[in-house]
*Asks:* 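I'd like to ask you about the structure that follows.
Within every chain, numbering begins at 1; the chains are lettered A, B, ... in the order of the sequence lines, protein sequences first and strands thereafter.
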Number of protein chains: 2
Amino acid sequence: MEEKIFDSLKLENQICFPLYAASREVVKLYRPHLDALNLTYTQYIAMMVMWEEKQCSVKELGKRLYLDSGTLTPVLKSLEQKGYVRRFRMEDDERVMLTEITDKGEELREKAKEVPPKVGCRFLLSIEDSIELYRLLYTLLGNINGKNASD
Amino acid sequence: MEEKIFDSLKLENQICFPLYAASREVVKLYRPHLDALNLTYTQYIAMMVMWEEKQCSVKELGKRLYLDSGTLTPVLKSLEQKGYVRRFRMEDDERVMLTEITDKGEELREKAKEVPPKVGCRFLLSIEDSIELYRLLYTLLGNINGKNASD
DNA sequence: TATAATTAAATTGAACTCAATTTAATTTGG
DNA sequence: CCAAATTAAATTGAGTTCAATTTAATTATA
C-alpha cells in the first residue's frame with residue numbers, strides 16, 4: 001500500500017499562498033470604487049488613518065499600515081499633490097515629517113463613506129466567518145510582530 | 001446618551017486591511033529563506049506549480065496563481081535565466097507559451113523542501129486556527145471568483 | 001475562403017513594496 | 001562641549017502587480 005506523504009511544497013498545502021492571493025483579489029474589488037475617488041488602495045488606507053488622526057508622522061503611519069518610508073513618502077507626496085493632506089517638518093524635531101489632513105481631505109471622507117458598502121466585502125463571507133477571519137488575521141499579525149520583536 | 005455608530009471607514013473595522021497587512025508580513029517571513037535560494041516569493045510559488053506540473057502554459061499558471069501575463073512573463077523569463085525552466089511555443093498552437101521544468105529546476109526542489117519548515121508559519125497559529133484560516137481564505141477566494149464570473 | 005472575432009502572450013506605464021543606503025537632525029557618552 | 005551613536009525620512013534599485021494596449025495566431029462566420 002502506498003504511503004501518503006504530506007508535501008509541504010504543494011501550493012494547496014500552503015497557508016501563505018491563499019493569504020497572498022485573497023489579499024490581492026480583495027484589493028482588486030476596491031479598485032473600481034476607488035478609481036471614482038482617484039485613489040489607489042494604498043492611498044485610501046493612508047487617508048483612513050488621516051481621517052482618524054488628523055495629523056501623523058511617517059513613522060506612526062508606517063506602524064499603523066505596516067509600511068515603511070520607502071512606500072509612504074511617494075504615497076503621501078501624491079496625496080499632497082491632490083490636496084488631501086499637507087506635509088511639514090515638526091518644529092521641535094526637524095527629523096519628523098508630519099502629515100496633516102486638509103479641508104479637501106475631510107470632504108473626501110463623505111464620498112469615501114460609500115466605498116465600503118459598495119465593495120460589499122461583507123457578502124463574501126457570513127457574519128460569523130468574517131468575525132472569525134478578522135480574529136485569525138489579527139492573531140497572525142500579532143504573533144508575527146511578537147516573534148520579530150523577540151529576535 | 002451618546003449613540004455608538006459603526007464607522008466603516010475606520011481601519012480597525014475593515015476585513016481587507018488585516019488581510020493585506022498579514023499577507024505582506026507572512027511573505028516577509030519567507031524572504032531570508034528564499035534569499036538563500038536566490039528566489040523571490042513570486043518566483044517561488046511559480047516554481048511550486050512547475051514542481052507539480054512539469055509543464056504549464058502562462059494561462060494555466062496564471063489561473064493557479066491568480067496572476068496575469070504582465071506579471072508572469074518577467075517572472076518566467078527570470079526563472080529561465082537562472083536555468084530552472086525552459087520556455088517554448090506549443091507546436092499545435094503557437095499562441096501558447098509553454099514553460100517546462102529543467103533538471104536544475106528539479107534539483108532546486110530538494111533545497112526548497114527546507115523552506116516551509118524553516119519559515120515555521122505553522123507556529124504562528126494553532127493547528128485548528130490554521131485549518132480554519134485556510135478554509136476561510138479559500139471560501140473567500142471561491143466567492144470572489146464566483147461573484148466576478150456572474151458579473 | 002476571406003474577413004471578423006477571439007485568444008494567448010508580451011509590452012507599456014503607473015504605482016507599490018521593500019531592502020539597503022544616504023542625509024540630516026537629535027541624543028548620548030566621554 | 002564634541003564626537004559617536006541613534007533616529008526619521010528620503011532616495012535608490014530590483015522586482016512585482018495590474019490595467020490597457022499591441023501583436024500574432026487561431027477560430028468562427030458570412
*Asks:* In whole angstrom, what separates A:Leu98's CG from D:dA9's P?
*Replies:* 8 Å

*Asks:* Counting heavy atoms from C-beta on, name the nucleotide in D:dT16, C:dA8, C:dT26 closest to the side chain of A:Asp93.
*Replies:* C:dT26

*Asks:* Write down the distance between CE (B:Met90) and P (C:dT7), rounded to a whole number of angstrom.
*Replies:* 16 Å

*Asks:* Between B:Arg86 and B:Glu100, does any side-chain N to carboxylate O distance fall below 4.0 Å?
*Replies:* yes

*Asks:* Salt-bridge test for B:Arg135 and B:Glu132: reply yes if a basic N is under 4.0 Å from a carboxylate O, no otherwise.
*Replies:* yes

*Asks:* Is the phosphate of D:dA10 approached by A:Arg87 (side-chain N or O, under 4.0 Å from OP1 or OP2)?
*Replies:* yes

*Asks:* Does a side-chain N or O from B:Lys77 land closer than 4.0 Å to OP1 or OP2 of C:dT11, or not?
*Replies:* yes

*Asks:* Relative to the ring of B:Tyr41, is the ring of B:Tyr30 parallel (under 30°), tilted (30 to 60°) or perpendicular (over 60°)?
*Replies:* perpendicular

*Asks:* Provide the closest heavy-atom pair for B:Leu125 versus B:Leu133 in the form atom of the first, atom of the second, distance.
*Replies:* CD1-CD2, 3.6 Å

*Asks:* Decide, yes or no, whether a salt bridge links A:Lys104 with A:Glu107 under the criterion of side-chain N to carboxylate O below 4.0 Å.
*Replies:* no

*Asks:* Strictly below 4.0 Å, N to O, side chains only: are A:Glu94 and A:Arg89 in salt-bridge contact?
*Replies:* no

*Asks:* Using whole Å, report how far CZ of A:Arg95 lies from C1' of D:dT11.
*Replies:* 19 Å

*Asks:* To the nearest 0.5 angstrom, please state how far the OH atom of B:Tyr20 sits from the OH atom of A:Tyr66.
*Replies:* 12.5 Å

*Asks:* Rounding to a whole Å, what distance do you find between B:Glu80:CD and C:dA10:P?
*Replies:* 10 Å

*Asks:* Could you please name the option among C:dC16, D:dA9, C:dT11 that lies closest to any side-chain atom of A:Lys59?
*Replies:* D:dA9

*Asks:* Among side-chain atoms of A:Gln55 and A:Thr99, is any donor-acceptor pair under 3.5 angstrom?
*Replies:* no

*Asks:* Could you list the protein-to-nucleotides 17-21 of chain D atom pairs, N/O on both sides, closer than 3.5 Å?
*Replies:*
{"residue": "D:dT17", "atom": "OP1", "partner": "A:Tyr20", "partner atom": "OH", "Å": "3.0"}
{"residue": "D:dT17", "atom": "OP2", "partner": "A:Tyr20", "partner atom": "OH", "Å": "2.5"}
{"residue": "D:dT17", "atom": "OP2", "partner": "B:Thr42", "partner atom": "OG1", "Å": "3.0"}
{"residue": "D:dC18", "atom": "OP1", "partner": "A:Arg24", "partner atom": "NH1", "Å": "3.3"}
{"residue": "D:dC18", "atom": "OP2", "partner": "A:Arg24", "partner atom": "NH1", "Å": "3.0"}

*Asks:* Would you mind reading off the distance between A:Leu76 atom CG and C:dA15 atom P, rounded to a whole angstrom?
*Replies:* 15 Å

*Asks:* May I ask you to verify if any side-chain N or O of B:Thr40 is less than 4.0 angstrom from the OP1 or OP2 atom of D:dT16?
*Replies:* yes

*Asks:* Are the charged groups of A:Lys63 and A:Glu60 less than 4.0 angstrom apart, N to O?
*Replies:* no

*Asks:* Tell me which residues in residues 47-58 of chain A put a heavy atom below 4.0 Å from DNA chain D, sorted by number, or none.
*Replies:* A:Ser57, A:Val58

